[in-house]
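Quick notes on the structure that follows.
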Amino acid sequence: GVARTLRVSAAPVRDRLGRMIAAVATYQDITAVKASETEIRRLASFPSLNVNPVLEVDLTGAITFCNQAALAALGPGGAGLEAFLPPDLEAILSAAPEQPAAIFYREVRVKGAVFAENISYIEAFKVIRIYASDITSRKRFEEALRAANAQLSALVENSPLAIMQLDEEGAILSANPAAERMFGWSAAELAGQKIPMVPPEELERVREILRRVAQGERFIGLERRRLRKDGSLIDLSVSVAPMYDDAGRFTGIVNLMEDITPRKEAEAALRDREAKYRAVIETSDDGFCITDMSGRFLEFNDAFIDLLGYNREELLAMSVADVEAQKTPAEVDAAIEEVRRLGHVIFETRIRSKDGRIWPAEPNVSYWPIDGGRMFFFVRDITARKRIEEDLREGREDLSRAQAVAQTGSWRLNVQNNELTWSDENHRIFGIPPGMAMTYETFLGTVHPEDREYVDQKWLAALQGEPYDIEHRI
């Protein structure tokens, strides 16, 4: 039941008169031959059917064959097949017969596209065959990747952060210049070392972190102390993350470190200052409180509690307007706005304590633009000062009445500022109205012209320590 292909040959058999009396036929089984021919045709069709350009070049460099894909790559007309020939074609033609198994790889540009070519020698036909494939997209990707890598490399090299690449055991694979400056070791010295900047007491903890990072975890902003080459310690913010290749395979660990020593020192100094300020505030005789911009009490010292008589819980539910005895709530709001605008204000007011006592106070208020705005109050009870001021006022009035009765004036001269102050009776005697700005020259101008030089000489002598007891006209 197997079909076969036969070749039939027939010849006539003739008698002596030339008449055909029979025929002789011979049969040849050519099934195998036909199968070989079909295979040859099939193999020969491969370059023609290939979707990529295929060319054949004889040993003289002449193009003897190209498929449709090669012509299509050249555009209309298909002119310029030589563009597929590599620049060193002559060298390839010379070397190929001596290396029949070799495959030569070249890249050529054809009509703005980049083609990769695998070139082999076909010994049976004494030609080289060029199989080309368009790799323009791949080349663009590779170029973009090179540019990205160059940019990344520049960022790493110029980063102010120390950047090191580690393996999962902590061996350093690379370190950027910032890491060299931070730790004092060169990149060559660090290469291969197992994190020499980690203090011995932290090694086990760091190894555990590296194990977890190798399994995919990330650690951001860990604050740690690390050793420099000279043995000194620095405070760092450390971030650690895994690295992977395009196939998603783990390739190492990237370690980014920022020197936060100045910040930590500033924080320590700030804490020290805050502790000192708090100690001053807590031991101060003046009341101290912090309010928000509505005047609500947020913090206060014991002196403030003692001044007002409320306990801590009561004060936290109150505001400035609740203890202000002189200003209305609207005036309190206006005063708060003035503090915000000016930044610092000192004024006098009256405060009402829990027991109903109203007393004079001198708030010293500063505004700080933090947390939506805060006001810092130092509140001083000025009852005693007001009493002294009242006593002085009454004393001055008594002195003024006594001087009026005795028709005796008094004066005081601030020599440094040349400011002259007269009593009311002195103003009456010299005929100069109270309130006028007075100086030594003002006084000298009231002296009789004939006595003026004498008075001035006596005054200058008094400045040198001599007694000043004179008579003169005005």
Side-chain angles (χ1 to χ4, degrees), residues 277-291 295 297 299-312 314-315 318-336 338-339 342-367 375-417 419-429 433-438:
Y277 293 154
R278 186 163 294 278
V280 170
I281 289 169
E282 291 300 326
T283 58
S284 172
D285 291 333
D286 291 337
F288 172 80
C289 70
I290 301 175
T291 75
F297 296 124
E299 295 183 42
F300 29 78
N301 65 354
D302 291 339
F304 189 77
I305 294 173
D306 294 338
L307 283 172
L308 294 177
Y310 294 95
N311 62 38
R312 191 171 298 275
E314 289 172 327
L315 282 172
M318 299 170 66
S319 69
V320 172
D322 295 323
V323 300
E324 171 62 56
Q326 183 171 304
K327 293 181 173 62
T328 65
E331 289 173 332
V332 170
D333 291 340
I336 289 174
E338 183 180 19
V339 173
L342 298 178
H344 179 243
V345 173
I346 300 176
F347 59 96
E348 290 185 6
T349 188
R350 297 178 70 80
I351 302 295
R352 181 184 292 105
S353 298
K354 184 178 180 179
D355 59 9
R357 181 176 69 92
I358 296 177
W359 46 275
E362 183 184 69
N364 185 330
V365 192
S366 296
Y367 167 74
M375 292 193 299
F376 294 75
F377 286 77
F378 282 92
V379 180
R380 176 168 295 177
D381 183 349
I382 58 173
T383 302
R385 190 179 81 189
K386 285 294 185 182
R387 189 176 298 116
I388 293 171
E389 289 174 354
E390 179 63 20
D391 291 344
L392 288 173
R393 185 185 64 78
E394 291 177 354
R396 282 195 297 270
E397 290 178 355
D398 291 343
L399 176 62
S400 181
R401 284 193 293 270
Q403 288 182 346
V405 171
Q407 295 186 338
T408 301
S410 64
W411 56 271
R412 182 175 68 252
L413 176 63
N414 185 323
V415 177
Q416 290 182 337
N417 298 330
E419 293 178 355
L420 182 62
T421 304
W422 279 355
S423 68
D424 291 342
E425 183 63 15
N426 225 45
H427 278 282
R428 187 195 65 76
I429 292 171
M436 178 178 173
M438 302 289 291

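For the numbers below, each heavy atom of this structure counts, side chains included, while hydrogens, waters and symmetry mates do not.
- Atoms CZ and SG, on Phe377 and Cys289 in that order, are 5.5 Å from each other to the nearest 0.5 Å.
- The side-chain contact (heavy atoms from CB on, under 4.5 Å) search around Ser353 returns Asp355, Arg357, Trp359, not counting sequence neighbours.
- Between Ile351 and Ala361, the shortest heavy-atom distance links the atoms CG1-CB, 3.6 Å.
- Note that NZ of Lys386 and OG1 of Thr383 are 10.0 Å apart. Values are rounded to the nearest 0.5 Å.
- Within the 4.5 Å cutoff, no side-chain heavy atoms of Glu324 are placed close to those of Glu331.
- For Asp333, there are no salt bridge (Lys or Arg N to Asp or Glu O under 4.0 Å) partners two or more places apart in sequence or in a different chain.
- A search for side-chain hydrogen bond (donor to acceptor under 3.5 Å, both in side chains) contacts involving Asp306 returns nothing, not counting sequence neighbours.
- With sequence neighbours left out, the side-chain contact (heavy atoms from CB on, under 4.5 Å) criterion links Arg352 to Ala325, Ile358.
- By the 4.5 Å heavy-atom criterion applied to side chains, Phe347 and Val365 are counted as neighbours.
- The pair Glu390-Arg387 fails the salt-bridge criterion, with no side-chain N (NZ, NE, NH1 or NH2) lying under 4.0 Å from an Asp/Glu carboxylate O.
- Considering all non-hydrogen atoms of both residues, Ser284 and Ala303 come closest at O-CB, 3.4 Å.
- Using a distance-only test at 3.5 Å, with no hydrogens or angles considered, a donor-acceptor pair links the side chain of Asn301 to the main chain of Asp286.
- Here Arg385 pairs with Glu348, Glu362, Glu389 under the salt bridge (Lys or Arg N to Asp or Glu O under 4.0 Å) rule; sequence neighbours left out.
- Listed by chain and residue number, nothing satisfies the side-chain hydrogen bond (donor to acceptor under 3.5 Å, both in side chains) test with Lys327 (two or more places apart in sequence, or in another chain).
- In this structure, the separation between CD1 on Ile346 and CZ on Arg380 is 9.5 Å, given to the nearest 0.5 Å.
- Residues passing the side-chain hydrogen bond (donor to acceptor under 3.5 Å, both in side chains) test with Asn414, sequence neighbours excluded: none.
- Taken from CE in Met375 to CD1 in Ile290, the straight-line distance is 11.0 Å, to the nearest 0.5 Å.
- The side-chain hydrogen bond (donor to acceptor under 3.5 Å, both in side chains) test applied to Thr291 returns no partner, not counting sequence neighbours.
- Heavy atoms from other residues, nucleotides or ligands lying under 6.0 Å from CG of Asn417 number more than 12.
- Scanning for salt bridge (Lys or Arg N to Asp or Glu O under 4.0 Å) contacts around Glu299 gives Arg278, with sequence neighbours left out.
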Walk me through whether Asp302 and Ile305 qualify under side chain to side chain contact (heavy atoms under 4.5 Å, CB included).
CA-CA 5 Å; Asp302 291 339; Ile305 294 173; 4.2 Å; yes
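- To the nearest 0.5 angstrom, Leu308 atom CG is 7.0 Å from Met318 atom CE.
- With sequence neighbours excluded, the residues forming a ring pair (Phe, Tyr, Trp, His ring centres under 6.0 Å) with Phe304 are Phe297, listed by chain and number.
- Atoms CD1 and CD1, on Ile382 and Ile388 in that order, are 11.5 Å from each other to the nearest 0.5 Å.
- In this structure, the ring pair (Phe, Tyr, Trp, His ring centres under 6.0 Å) partners of Phe288, at least two apart in sequence or on a different chain, are Phe378.
- Remark: Asp381 pairs with no residue by the salt bridge (Lys or Arg N to Asp or Glu O under 4.0 Å) rule, at least two apart or across chains.
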